[in-house]
Structure formats: structure tokens, C-alpha cells
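Structure first, then comments.
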Amino acid sequence: MSASGHRDRGVALARAARAGNTLAMHDLLDHLTPYIARICTPIALDDGPDATQEALVAVFKALRSLRDPETLYGWVRAIAVREAVRIARRAARARPAELADVPERGDPQLSADIDDVLARLSPDHRAVLVLRDVEGLDEECAAALLGVPAGTAKSRLHRARSSFRKAWFS
């Protein structure tokens, strides 16, 4: 299915689900799951499946508040980022990093596994990095989704990229 056909299917399912079609709601959530997971996993890391599930629940609960089904994917992206950051922050508080968990400098596993590098970034830095470098949003859109001023998003992105490079090449 082409990208536009995929998008059109999502919009059509959203319209039907908003109108009360429960089968369409089920199909919409199945349709959105890979998209949401693609956003949540690099932000929430090991807790990506939990963040994906929480985002799907939020979409389900709030679908009637979606005013224009044509904006489905931007609306879902905002929910996915919010839930992924929330879950990642909660996980970071619950599991403080121990020195033994941090790969030593020069460890080949560090440069071989991008997840290890992403894990060293804060949830806020992972979120802005995903929005800019994976989703391709500009700084204004990323800032709006994260609920921060554009300057804050820009400085977080700079620090995230710098930290990523430092961890990747060390």
C-alpha cells in the first residue's frame, strides 16, 4: 500500500470510529500501532511497548476530541510523544542508573548498539531527537509537540546530538 493510501485508510477509519463504528475503532488502533511504536520505542527504549500501549489507550479515549480526521497522524504523534516521554521519565525515576550498567569507554558494544547510546540521553533529549531526526519535523513543530518554546527545543536538540555523538564515538 502506498504512503498516501496508508494515510487515507487511517483517516477513513478515524472518521468511521468517531461515528461510533466499533469495528473501525479496532481496525484503526491496529492500523496505528506500528506508527505509534516507531515513535515510542526510541524515546521510551525498553519501556517502548508500555508507552505504545498507553498511547493507544489515550487515542482510544480521546478520539472524539479529534476535530479534523485529516490531522490524525499529527494528533497521534503528539499523543505518542507525550506518553513516551511520560513513561521514560517514570522509568528513569524507578531505575536509577548504576555505574555497572554504563558501558565503559571504548566498549565495542556501545558503538555497536544504538539503544545503548539512546539510553544515555534523557527522555526529553530522546524525544526531540526522534521528532527532528526520525520524524523529520522542524524545530517549531517539535517544540509545539513537546510543549516548550522553540529555543528550548533547539538547545535540547543541540545537546542531544552532541551527547549522542560523544557517546557513539567514545
Side-chain angles (χ1 to χ4, degrees), residues 1-95 114-115 118-119 121-157 159-161 164:
M1 181 181 292
S2 72
S4 65
H6 186 76
R7 182 190 170 289
D8 292 344
R9 175 163 165 65
V11 170
L13 287 169
R15 280 198 174 99
R18 286 184 70 233
N21 182 328
T22 55
L23 184 57
M25 175 61 85
H26 176 76
D27 289 347
L28 176 64
L29 295 176
D30 283 348
H31 177 81
L32 291 173
T33 298
Y35 176 69
I36 291 171
R38 190 180 83 218
I39 295 167
C40 289
T41 300
I43 296 171
L45 303 175
D46 289 341
D47 296 305
D50 291 341
T52 299
Q53 188 65 36
E54 292 293 326
L56 286 166
V57 168
V59 166
F60 174 79
K61 288 180 176 178
L63 187 62
R64 290 197 182 265
S65 72
L66 176 63
R67 294 178 193 196
D68 180 7
E70 291 291 325
T71 64
L72 174 69
Y73 290 93
W75 180 77
V76 167
R77 180 176 35 230
I79 291 171
V81 168
R82 182 187 70 227
E83 291 302 322
V85 169
R86 185 180 64 78
I87 296 291
R89 283 180 181 155
R90 183 181 72 200
R93 285 191 302 270
R95 292 185 299 245
I114 197 167
D115 288 340
L118 286 171
L121 303 178
S122 73
D124 292 326
H125 287 164
R126 286 193 304 265
V128 74
L129 198 63
V130 167
L131 289 173
R132 285 286 287 132
D133 295 340
V134 176
E135 288 296 306
L137 298 180
D138 62 29
E139 283 153 5
E140 295 289 325
C141 290
L145 279 172
L146 296 171
V148 298
T152 301
K154 187 173 184 173
S155 67
R156 283 182 186 172
L157 179 63
R159 286 192 302 268
R161 286 176 174 163
F164 187 93

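We use all heavy atoms of the structure for the numbers below, so side chains are in, but hydrogens, waters and symmetry mates are not.
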Using a 3.5 Å distance criterion without hydrogens, assess whether the side chain of T71 forms a donor-acceptor pair with backbone atoms of G74. no

First locate atom [atom1] of [X], then atom [atom2] of [Y], and finally report the distance between them rounded to the nearest 0.5 Å.
{"X": "S65", "Y": "R18", "atom1": "OG", "atom2": "CZ", "answer": "8.5 Å"}
{"X": "I39", "Y": "E83", "atom1": "CD1", "atom2": "CD", "answer": "12.5 Å"}
{"X": "R7", "Y": "Y35", "atom1": "CZ", "atom2": "OH", "answer": "10.5 Å"}
{"X": "R90", "Y": "D47", "atom1": "CZ", "atom2": "CG", "answer": "7.0 Å"}
{"X": "L13", "Y": "L29", "atom1": "CG", "atom2": "CG", "answer": "9.5 Å"}
{"X": "D8", "Y": "L72", "atom1": "CG", "atom2": "CG", "answer": "11.5 Å"}

Trace of the side-chain contact (heavy atoms from CB on, under 4.5 Å) decision for R15 with V11: CA-CA 6 Å; R15 280 198 174 99; V11 170; 3.2 Å; yes

Any side-chain heavy atom of [X] within less than 4.5 Å of one from [Y]?
{"X": "L28", "Y": "F60", "result": "no"}
{"X": "D30", "Y": "H26", "result": "yes"}
{"X": "L118", "Y": "L129", "result": "yes"}

Which heavy atom of [X] sits nearest a heavy atom of [Y], and at what distance?
{"X": "R132", "Y": "L137", "answer": "NH1-O, 2.6 Å"}
{"X": "I87", "Y": "A51", "answer": "CG1-CA, 3.9 Å"}
{"X": "A88", "Y": "A44", "answer": "CB-CA, 4.0 Å"}
{"X": "L23", "Y": "N21", "answer": "N-OD1, 3.0 Å"}
{"X": "A80", "Y": "I36", "answer": "CB-CG2, 4.1 Å"}
{"X": "A17", "Y": "A24", "answer": "N-CB, 3.8 Å"}

Taking L157 as the fixed residue, which of K154, R161, R159 is the one that meets the side chain to side chain contact (heavy atoms under 4.5 Å, CB included) rule? R161

Applied to residues 135-148, the side-chain hydrogen bond (donor to acceptor under 3.5 Å, both in side chains) test, sequence neighbours excluded, yields R38-E135, R77-E135

